[in-house]
J.: 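Have a look at the structure that comes next, please.
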Amino acid sequence: MPAGGLNPAADGLLDRYGRRATDLRISLIDKCNLRCTYCMPEAGLPWLRREQLLSAEEIRRLVRIGVEVLGVRELRLTGGEPLVRKDLEEIIGGIRADHPELPIALTTNAIGLERRAEALVAAGLDRVNISLDTIHRESFAELTRRDSLDKVLRGVEGAAAAGLTPLKINAVLMRGLNDQGAADLLAWSLQHGYELRFIEQMPLDADQQWKREATVTAAEVRQLLSDHYELTPTDEDRGSAPAERFDVRRRGEQAVLGRVGIIASVTEPFCSACTRTRVTAEGRVMSCLFSTEETDLSALLRDESATDADIAHRWAEAMWVKPAAHGTDRPGFELPGFTRPQRSMSAIGG
Ligand code: SAM
Ligand code: SF4
């Protein structure tokens with residue numbers, strides 16, 4: 001604890017290692033309509049009851065405290081699948097009314113997005129990251145356990161038509177499942193002007209099948225793309241951005257076709273530059289994806305005697321003890337000391 005104790009109004013969401021969290025990710029719901037094998041089990045999970053989920057008003061208040069007291073500078077809404085929430089437009093509209101300048105992004109699988117994209121933009125949404133791991137129907141169905149590729153593609157088109165650009169596509173590769181389709185996914189993204197980012201798979205699958213040696217690494221992703229494309233690292237400063245970005249050229253040609261990002265969460269962790277604070281759908285702060293500790297804010301939000309300052313203080317305390325890396329004192333999912341969180345990515349909020 002700093003001398004004199006925590007002072008959230010002055011220090012924001014500072015931790016013991018000097019990192020300050022300014023990037024807030026709120027999970028709106030744990031449910032999802034896909035069952036991606038790297039995330040959810042086939043049968044789903046025991047879902048939270050409706051009254052356990054933070055309400056639109058509670059989320060709005062949390063964001064207000066985050067921005068006005070704790071120095072939050074950007075917001076991402078995620079899940080589970082945030083589009084499963086019928087009040088998503090209301091949630092975004094309320095936050096936007098309070099914070100005209102706050103960048104608000106959504107991470108989604110895009111199912112049904114074409115029907116809601118315009119309303120979401122009107123409510124104040126700025127950008128979307130859409131998860132799409134392959135453009136091959138069979139691999140998509142195998143990977144997500146649902147034959148829903150067409151629905152996702154319609155959602156992507158709807159988002160682009162509504163102006164949710166630059167549109168980012170997130171892809172996780174799994175060996176033998178969709179890895180051989182990586183170059184096709186890149187070709188499709190370049191053709192539409194979307195920025196594709198490959199994310200190394202982390203041990204956050206509810207089935208607990210993750211193995212370090214099965215992870216398709218950033219180096220392998222570059223290799224998989226190299227038959228068709230030449231990747232040149234961009235010279236931009238990465239700051240706290242997890243993705244290393246590359247200019248993409250077709251082999252032997254000069255023209256830059258677009259960019260691709262690779263997020264090496266496993267092989268080149270970026271924990272020392274982390275600026276994230278996460279709140280789960282039931283209102284618990286997780287200072288790290290791999291935290292084994294969670295700090296409940298919902299009880300305070302529902303206690304009429306608790307002030308914004310009380311909530312800010314509890315939140316700041318939770319962040320002060322943020323682990324150095326991967327939930328422990330050093331990065332490395334394969335090292336002794338690493339404990340898998342009990343929650344899956346869907347139950348934390350990716
Ligand atoms: N349902 C939405 C979606 O899929 O975009 C939002 C929630 S999902 C948990 C957020 C992101 O987490 C997705 O891009 C997904 O690919 C990623 N993700 C899920 N499980 C993961 C894992 N084990 N390793 C790496 N990324 C994962
Ligand atoms: Fe659902 Fe997203 Fe998890 Fe896939 S990654 S199961 S779309 S929450």
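This chain uses plain numbering: 1 for the first residue, then up along the sequence. Counting starts at 1 for both ligands and their atoms, following the listed order.
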J.: Considering only heavy atoms of E81, which atoms of ligand 1 have at least one such atom less than 4.0 Å away?
T.: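 Ligand 1 atoms under the 4.0 Å threshold to E81: 1 (N), 2 (C).
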J.: Just wondering, is there an N, O or S atom on C39 that's nearer than 2.8 Å to atom 3 (Fe) of ligand 2?
T.: yes
J.: Is a donor from one side chain sitting under 3.5 angstrom from an acceptor on the other, for T280 and E282?
T.: yes
J.: In terms of atom number and element, which parts of ligand 1 are under 4.0 angstrom from non-hydrogen atoms of S131?
T.: 3 (C), 4 (O), 5 (O), 13 (C), 14 (O)
J.: Under a 4.0 angstrom heavy-atom cut-off, which atoms of ligand 1 come close to G80?
T.: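 Matching atoms, with element in brackets: 1 (N), 2 (C), 6 (C), 7 (C).
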J.: Among protein heavy atoms, which sits nearest to atom 9 (C) of ligand 1, and what does the distance come to when rounded to 0.1 Å?
T.: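 Its nearest protein heavy-atom neighbour is M345 CG, 3.4 Å.
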J.: Is it the case that more than 12 heavy atoms not belonging to R314 sit under 6.0 Å from its CZ atom?
T.: no
J.: Within a distance under 4.0 Å of any heavy atom of G80, pick out the atoms of ligand 2 and give their elements.
T.: 8 (S)
J.: Just jot down the ligand 1 atoms closer than 4.0 angstrom to any heavy atom of T78, in number order.
T.: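 With T78 as reference, the close atoms of ligand 1 come out as 6 (C), 7 (C).
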J.: With the 4.5 Å side-chain cut-off for hydrophobic clustering, are L54 and V72 part of the same group?
T.: yes
J.: Which atoms of ligand 1 sit under 4.0 Å from any heavy atom of E200?
T.: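 The atoms of ligand 1 under 4.0 Å from a heavy atom of E200 are 25 (C).
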J.: What is the nearest protein non-hydrogen atom to atom 1 (Fe) of ligand 2, stated with its residue, atom name and distance?
T.: C32 SG, 2.3 Å
J.: Give a yes or no on whether D227 atom CG has more than 12 heavy-atom contacts from other residues, nucleotides or ligands under 6.0 Å away.
T.: yes
J.: Mark yes when over 12 heavy atoms from residues, nucleotides or ligands other than E213 sit less than 6.0 Å from its CD; otherwise mark no.
T.: yes
J.: Answer with yes or no after comparing the ring centroid distance for Y38 and W210 against a 6.0 Å cut-off, counting only values under it.
T.: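 Judged by ring-centre distance (under 6.0 Å), Y38 and W210 do not meet the cut-off.
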J.: What part of N170, side chain from CB on, backbone N/CA/C/O, both or neither, has a heavy atom under 4.0 Å from ligand 1?
T.: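 The answer is the side chain of N170.
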J.: What residue and atom, counting heavy atoms only, is the protein's closest point to atom 21 (C) of ligand 1, and at what distance?
T.: Y38 CD1, 3.6 Å
J.: Distance under 4.0 Å to a non-hydrogen atom of C36: what atoms of ligand 2 satisfy this?
T.: 4 (Fe), 5 (S), 6 (S), 7 (S)
J.: Atoms of ligand 2 less than 4.0 Å from M40 heavy atoms?
T.: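 Every atom of ligand 2 under 4.0 Å from some heavy atom of M40: 6 (S).
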J.: Would you find more than 12 non-hydrogen atoms of other residues, nucleotides or ligands less than 6.0 Å from Q52 atom CD?
T.: yes
J.: Can you name the residues that form a salt bridge (Lys or Arg N to Asp or Glu O under 4.0 Å) with E81, not counting sequence neighbours?
T.: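 Checked E81 against salt bridge (Lys or Arg N to Asp or Glu O under 4.0 Å); zero matches.
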J.: Below 4.0 angstrom from a heavy atom of M202, which ligand 1 atoms are there? Numbered from 1 as shown, please.
T.: 22 (C), 23 (N), 24 (N), 25 (C)
J.: Could you check which of I263, T108, I29, V172 puts a non-hydrogen atom nearest to atom 26 (N) of ligand 1?
T.: V172
J.: Could you list the atoms of ligand 2 found under 4.0 angstrom from a heavy atom of N109?
T.: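 Listed by number with element: 7 (S).
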J.: Run the numbers for me: atoms of ligand 1, each under 4.0 Å from some heavy atom of G79, listed by number.
T.: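 So the atoms of ligand 1 that pass are 7 (C), 9 (C).
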J.: Output the list of atoms in ligand 1 that are nearer than 4.0 Å to some heavy atom of N109, sorted by atom number.
T.: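 Result: 2 (C), 3 (C), 5 (O).
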J.: Going by atom types alone, do S287 and W320 pair a side-chain donor with an acceptor below 3.5 Å?
T.: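 No donor-acceptor contact under 3.5 Å links the two side chains.
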J.: Quick one: does any side-chain atom of K322 pair with a main-chain N or O of R276 as donor and acceptor, under 3.5 Å?
T.: yes
J.: Under 3.5 Å, is there a donor-acceptor pair linking the side chains of R19 and S272?
T.: no
